[in-house]
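Accompanying notes for the structure given below.
Labels below follow one simple rule: chain letters A, B, ... track the order of the sequence lines, proteins then strands, and each chain is numbered from 1.
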There are 4 protein chains.
Amino acid sequence: MQAKKDEVKKQIEAAALQVFFRKGYPDAKMSDIADEIGISVGNIYTYFKNKKELFYAVVPPSLVDYLKNVLVESIHFDNQTSFDDVNDTDRSAIVQEQMKLLNEYSMQMVIIFERNKGTVYSTAKNELIELMIETKKPYLKPSYKRYDIGTEENMILLNIIANSIIDTILDLLKRDMSPDSRIRIFEALSLYRLHGLRGLNE
Amino acid sequence: MQAKKDEVKKQIEAAALQVFFRKGYPDAKMSDIADEIGISVGNIYTYFKNKKELFYAVVPPSLVDYLKNVLVESIHFDNQTSFDDVNDTDRSAIVQEQMKLLNEYSMQMVIIFERNKGTVYSTAKNELIELMIETKKPYLKPSYKRYDIGTEENMILLNIIANSIIDTILDLLKRDMSPDSRIRIFEALSLYRLHGLRGLNE
Amino acid sequence: MQAKKDEVKKQIEAAALQVFFRKGYPDAKMSDIADEIGISVGNIYTYFKNKKELFYAVVPPSLVDYLKNVLVESIHFDNQTSFDDVNDTDRSAIVQEQMKLLNEYSMQMVIIFERNKGTVYSTAKNELIELMIETKKPYLKPSYKRYDIGTEENMILLNIIANSIIDTILDLLKRDMSPDSRIRIFEALSLYRLHGLRGLNE
Amino acid sequence: MQAKKDEVKKQIEAAALQVFFRKGYPDAKMSDIADEIGISVGNIYTYFKNKKELFYAVVPPSLVDYLKNVLVESIHFDNQTSFDDVNDTDRSAIVQEQMKLLNEYSMQMVIIFERNKGTVYSTAKNELIELMIETKKPYLKPSYKRYDIGTEENMILLNIIANSIIDTILDLLKRDMSPDSRIRIFEALSLYRLHGLRGLNE
DNA sequence: CATGAATGAGAGTTCATTCAT
DNA sequence: AATGAATGAACTCTCATTCAT
């Protein structure tokens with residue numbers, strides 16, 4: 001019985017994750033989730049007190065810091081030497097490992113950092129950006145002289161770029177493709193971040 | 001009295017734009033808009049037939065093609081020579097003009113290309129991406145050999161990058177800053193697109 | 001000033017009568033009435049306390065008994081001799097006089113006896129029927145032997161016929177036509193009531 | 001549970017039919033229907049998508065042509081010989097059968113041909129009148145000479161009479177009585193139509 | 001007097017949540 | 001445990017009525 005019970009609970013969680021991912025929290029109807037696995041709406045309430053509790057069971061706050069770290073590690077967005085200093089085999093292993101983690105929680109990641117309306121995660125993306133910038137500050141030059149960007153503008157620029165890096169990763173995770181394709185595109189995006197379109201297009 | 005009427009209508013439009021910008025069409029309640037300017041909900045219906053009409057008065061379809069063109073022009077995302085070939089004065093004039101246009105409709109742009117759920121604009125961003133890729137196809141190399149990306153992966157990569165370029169512009173427009181700052185950051189972002197972080201950071 | 005005031009009041013009453021006639025009380029909007037004569041909604045309230053008061057100013061209860069009597073007189077629905085016993089000139093004069101009265105209050109009549117929803121006149125038609133039957137009872141045979149109609153059924157039959165006679169008059173009054181046409185059709189209807197389709201069609 | 005559901009659905013339909021019959025579509029409030037059977041307004045939406053769907057479930061368009069035909073057949077309004085040519089037994093059987101049909105859908109009939117505001121049936125009565133006149137035209141004399149009615153007036157007269165015949169049937173159906181009474185009155189009304197009050201009263 | 005913008009009550013509809021079965 | 005019918009709060013929209021101008 002317990003096994004059965006756990007089984008249903010897992011089904012509900014899987015269905016809920018799908019629906020929260022597709023529609024976001026406010027537009028995800030309890031009936032959507034129930035329909036997804038062919039159970040009654042009321043039965044969800046046997047396992048979860050309410051919609052909110054179901055949501056946080058499926059996208060728990062504990063996941064946030066973990067995913068932030070994975071993303072910060074995955075990106076190295078400002079460390080130009082990261083890919084130059086390690087050999088290809090090592091680099092590949094690192095990327096593969098990171099990708100595995102990102103894939104595993106891809107839907108949660110999108111929910112936490114993008115489709116977070118109506119949840120406590122509405123500030124998560126900005127916090128991640130802060131973390132990215134903070135973590136990598138030592139490597140950053142104080143300003144980009146060529147364009148005479150002062151400290152504040154500099155921060156905004158970094159903020160926008162960090163934002164866009166996150167969006168780029170999330171965008172990649174949203175798309176359906178083979179793991180190999182994903183890794184290749186992931187690496188191409190790294191190159192784009194470091195060297196721009198010219199870097200890609202030479 | 002007529003003056004009063006126009007005044008209130010403008011207030012409603014301004015409030016509506018704000019609320020649609022902040023919450024998106026489906027989550028923008030008529031009461032949010034009314035509360036914003038301290039009038040009754042019913043009074044909005046003195047000026048606009050219904051929520052939909054108010055929305056399209058504030059974010060008219062006629063704006064879409066116009067903004068698409070401005071954005072495509074503003075980006076030159078793949079034309080590496082665009083900034084090298086013209087002198088600084090001309091370039092500055094062009095950028096200033098584009099920025100002015102983008103600033104004027106910054107909220108509409110975000111609504112059309114990002115917070116477009118429940119509106120006719122839900123496909124606008126993808127159409128813009130298609131337009132960007134299509135317009136600039138002649139300049140693109142058929143594939144990025146270094147990462148062995150085949151045609152399909154190539155398209156996905158371009159799609160993600162185009163997406164991110166749009167997001168970047170929208171992000172910039174969402175932030176409150178002086179016109180000068182905005183232009184400088186805008187130009188820095190162009191540099192980032194072309195040469196990556198290394199291009200910025202040298 | 002008083003003259004002007006009275007003029008506007010009369011205009012409102014005329015417009016109200018039109019609109020109540022066309023749409024009935026509940027569906028007649030104050031704005032319909034105002035639009036009809038190109039004044040503001042608020043101005044109606046200068047002359048009439050509210051919609052109800054305007055309605056009863058235009059269709060006053062005092063009219064009801066009067067119109068009931070006119071109709072009862074006009075119909076002679078059971079007096080088979082009415083048309084045979086008087087000469088044509090006299091009869092014509094009587095009918096013309098009745099028609100004049102019916103025409104004058106045609107809209108009120110339709111409102112009182114037919115489009116009376118939401119007003120105190122919802123029972124007026126039944127009261128008129130009662131009056132018609134009561135008034136003419138002396139002339140009625142106690143039962144229609146041929147169809148074995150007992151007293152109660154007899155009353156229902158009379159009720160239905162009376163009802164239909166009223167409807168027929170109202171129907172005639174609703175239609176747009178010349179006074180002459182109206183009189184001729186009115187007389188043909190009398191013949192139909194007395195002798196049926198065969199009476200008409202021989 | 002299924003039994004319960006069907007039960008409630010039937011209750012809602014019965015209540016809706018009652019309320020639509022009493023008030024007409026626009027004035028029938030969902031709360032009227034809910035109150036009628038002591039359920040919540042929202043619960044009606046468990047069974048019917050919206051007010052319109054509930055209405056057309058209870059008064060389906062498929063009924064219209066059927067009822068038109070039954071009425072046209074039932075009336076023979078201009079065929080004076082219809083009752084003379086068949087023997088009493090046959091005639092009785094025919095009338096009984098027609099009455100059964102009319103009784104079964106009496107409320108729907110009133111709704112379709114009389115209380116049809118806001119529905120697709122607003123033209124049904126006029127269409128039925130046209131059908132009645134068209135169907136029976138061969139039997140009609142070109143004009144009623146005695147009253148010198150020209151073609152147009154003739155049509156108006158026929159229209160009014162047809163209208164009144166329908167009203168008469170609907171009126172009969174609205175009243176509560178035994179089937180036998182209804183049939184006797186129905187037959188008396190036929191006689192009235194053919195021979196008028198004199199025909200009844202001799 | 002006249003205006004018409006503003007209000008508020010009430011209608012139809014949706015959906016998270018409850019609860020009898 | 002499971003069902004899904006039932007509830008009620010909240011949203012969009014309408015219109016008689018009020019009131020500042």
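The side chain of B:N50 contributes no N or O atom lying less than 4.0 Å from OP1 or OP2 of F:dT12. OP1 or OP2 of E:dT17 lies within a sub-4.0 Å distance of a side-chain N or O belonging to A:Y45.
In this structure, the CG atom of B:D35 is 11 Å from the P atom of F:dT12, given to the nearest Å. A:F48 has its CZ atom 16 Å from the P atom of E:dA16, to the nearest Å. When the C1' atom of F:dT17 is taken as reference, atom CD1 of C:I44 falls 11 Å away, rounded to whole Å. Atom CD1 in A:I37 sits roughly 12 Å away from atom C1' in F:dA2 (whole-Å rounding). Atom-to-atom, OH of C:Y47 to P of F:dT17 comes out at 18 Å; the value is rounded to the nearest Å. Atom P of nucleotide F:dA10 and atom NZ of B:K51 are separated by 16 Å, given to the nearest angstrom. Going from atom CD of A:E53 over to atom P of E:dA16 covers 16 Å, rounded to whole Å. Nucleotide E:dG4 holds its C1' atom 17 Å from the CD atom of B:E7, rounded to whole Å.
Among residue pairs with one or both ends in residues 33-54 of chain D, those qualifying as salt bridge (charged side-chain N to carboxylate O under 4.0 Å, His left out) are D:R22-D:E36; sequence neighbours excluded.
Ranked by how close their nearest DNA chain E nucleotide is to the 5' end, D:K29 and B:T46 are led by B:T46. Between D:G38 and B:M30, the residue anchored closer to the 5' end of DNA chain F is D:G38, taking for each the nucleotide with the nearest heavy atom. Nearer the 5' end of DNA chain E, as judged by each residue's closest nucleotide, is the contact made by C:S40, out of D:A28 and C:S40. Nearest-nucleotide positions on DNA chain F for B:P26 and A:I39 put A:I39 closer to the 5' end.
When each of B:T119, B:I112, B:V120 is tested with B:N116 by the rule side chain to side chain contact (heavy atoms under 4.5 Å, CB included), just one qualifies, namely B:T119.
Nucleotide F:dT12: paired with E:dA11 (Watson-Crick or G-U wobble, both distances less than 3.5 Å). Under the Watson-Crick and G-U wobble criteria, each requiring two contacts below 3.5 Å, nucleotide E:dA20 is paired to F:dT3.
Taking all atoms of both residues into account, the shortest heavy-atom contact from D:Y25 to D:G118 is CD2-O, 3.8 Å. Nearest heavy-atom pair, A:A16 versus A:V58, reported as atom, atom and distance to 0.1 Å: CB-CG2, 4.1 Å.
By the 4.0 Å N-to-carboxylate-O rule, C:D171 lies close enough to C:R175 to be salt-bridged with it.
The nucleotide whose nearest atom lies closest to any side-chain atom of B:N43 is, among E:dT7, E:dG12, F:dA1, E:dT7.
Looking at heavy-atom distances under 4.0 Å, C:A34 makes no contact with the nucleic acid at all.
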